[in-house]
Amino acid sequence: MLPASYAAPAAAIITLGGVLACFFGYRLFRLVLGIYGFVAGAMIATQMMGPSSSVWTLSVAAVVGGVVGGALMIAAYFIGVGLVGAGLAALALNLGWRLVGGEPPTWLLVVVAVLGALGALSVARLVVILGTATAGAWTIIVGALALMGDRAATRAARTGDVWILYPLDPLPERWWYTVGWVALLVVGAIVQLSTSTRGGRSRARKRKAAA
C-alpha cells in the first residue's frame, strides 16, 4: 500500500487511466494495458516491502515494480485480451448469480472465465471495447471519488484495487455508483465503436487509393 501522501497522485493517475480506457481503450489498448500494468506492478512491489520501509524505498519499489508490470502487460497483448474476456465472463456470471442469491461455485467461475478468454480471442475488438469501457468507467468513478476525499475510494487508490469499492454496493446512498458506472461504460463503448469504425474505414479507403 502506498503512503497516505501519495493518495492524491495515485487517484489522479487512476482517473486518467480510466478516461483513456473508457473512451480510447481499443485504439490505445497497449497504452491502457501499460498504465494498468504499471499500477498493478507498483502496488505489488510496495506490498512486498516491510511496514517499516521509508517513503524513499517505497517510491523506488513502486517505480521499478510499475515499469516491470507495465512492460509485461504491453508485451502480453494477447494474454491481456484473454484476461479481459475472462474478467467480463466472470463479472457476467456474478451479476447473473445475484438474481438467485449467493455466489457461483468456484469451479463454474473458472470454467466460465476460461470460455470467456477463448471467446475473447475470436472477437478481440468487441471484447476489448466492452472490457476497457467497463473497467475504465469504474476506474473514473473511483479516481474521482478519491480526489474528492471519499475514504473507501482513497483506500482503493492507495492499494491499486479499484474493486475495493464494490460497484454493486447494496447501500441505498450509493445507488448512483452503479447508475453512473453503467452510463459511463455505455457512452464509452459507443464512442469506441464509432471511432474504431471510422478509423477502419479510413484505412480501407487509403489502401484502395494506394492500389
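FYI, side chains are in, hydrogens and waters are out, and symmetry mates aren't considered; it's all heavy atoms of this structure. These numbers come from a predicted model, not from an experiment.
Residue Gly188 comes nearest to Ala133 through the heavy atom pair C-CB, 4.2 Å, listed as atom of the first residue, atom of the second, then distance. Contact detail for Ala90 and Leu109: the closest heavy-atom pair is CB-CD1, 3.8 Å.
In terms of modelled atom types and a separation under 3.5 Å, the side chain of Gln192 and the main chain of Ala21 share a donor-acceptor contact. Checking side-chain atoms of Trp181 against main-chain N and O of Thr134 turns up a donor-acceptor pair under 3.5 Å.
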*asked:* Please determine whether side chain to side chain contact (heavy atoms under 4.5 Å, CB included) holds for the pair Leu20 and Thr132, giving the CA-CA distance in whole Å, both sets of side-chain angles, and the decisive distance to 0.1 Å.
replied: CA-CA 9 Å; Leu20 291 177; Thr132 53; over 6 Å; no
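By the side chain to side chain contact (heavy atoms under 4.5 Å, CB included) test, Phe23 is found to be paired with Val19, Ile140, Leu184, Val187, Val191, residues two or more places apart in sequence or in another chain being considered. Listed by chain and number, the residues in a side chain to side chain contact (heavy atoms under 4.5 Å, CB included) with Leu126 are Leu193 (sequence neighbours excluded). Applying the side chain to side chain contact (heavy atoms under 4.5 Å, CB included) test to Leu115 and every residue at least two apart in sequence or in another chain returns Val111.
Residues Phe38 and Leu16 are members of separate hydrophobic clusters, defined by side-chain heavy-atom contacts under 4.5 angstrom among Ile, Leu, Val, Met, Phe, Trp and Tyr.
By the 4.5 Å heavy-atom criterion applied to side chains, Asn94 and Pro104 are counted as neighbours.
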